[in-house]
Amino acid sequence: MKLFWSILFSSLLGYILFMFGPLYGGILAFGILFGCMFRGLYLLSQLHKKISQATIEKTPVPQESRRTI
């Protein structure tokens, strides 16, 4: 259902941008596109920072008893 609403909203936004004309519609479309790209890159870099700072703690595990076949 979310995909349907995304397609519907994108179609409506495209129609509105088309009505503004090529100059204003193009400027708004590129602004929206690059704004989403920069936000995505920012979130990706924040995620990379948090993952790279995470440390793996090694806890001692009791050894398994050896099985002889």
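Excluded from the calculations below are hydrogen atoms, water molecules and symmetry mates; all remaining heavy atoms, backbone and side chain alike, are included. Quantities reported herein were computed from a predicted structural model and do not represent experimental measurements.
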Looking at [atom1] of [X] and [atom2] of [Y], how far apart are the two atoms once the value is rounded to the nearest 0.5 Å?
X: Leu41; Y: Cys36; atom1: CG; atom2: SG; value: 11.5 Å
X: Tyr42; Y: Gln46; atom1: OH; atom2: CD; value: 4.0 Å
X: Leu28; Y: Leu23; atom1: CG; atom2: CG; value: 9.5 Å

Do any N or O atoms from the side chain of Ser52 and from the backbone of Lys49 form a donor-acceptor pair under 3.5 angstrom?
-> yes
What's the verdict on side chain to side chain contact (heavy atoms under 4.5 Å, CB included) for Leu8 and Leu12, showing C-alpha distance, side-chain angles and the deciding distance?
-> CA-CA 6 Å; Leu8 187 66; Leu12 183 64; 5.9 Å; no
Are Phe18 and Tyr24 connected in the hydrophobic side-chain network, where two residues link if heavy atoms are under 4.5 Å apart?
-> no
Shared hydrophobic cluster for Phe30 and Phe38 (ILVMFWY, side-chain gaps under 4.5 Å) | yes
Should Leu43 and Leu47 count as side-chain neighbours, where that means a heavy-atom distance under 4.5 Å?
-> no
Could you go step by step and tell me if Leu13 and Ile32 meet the side chain to side chain contact (heavy atoms under 4.5 Å, CB included) rule?
-> CA-CA 11 Å; Leu13 182 64; Ile32 291 168; 3.9 Å; yes
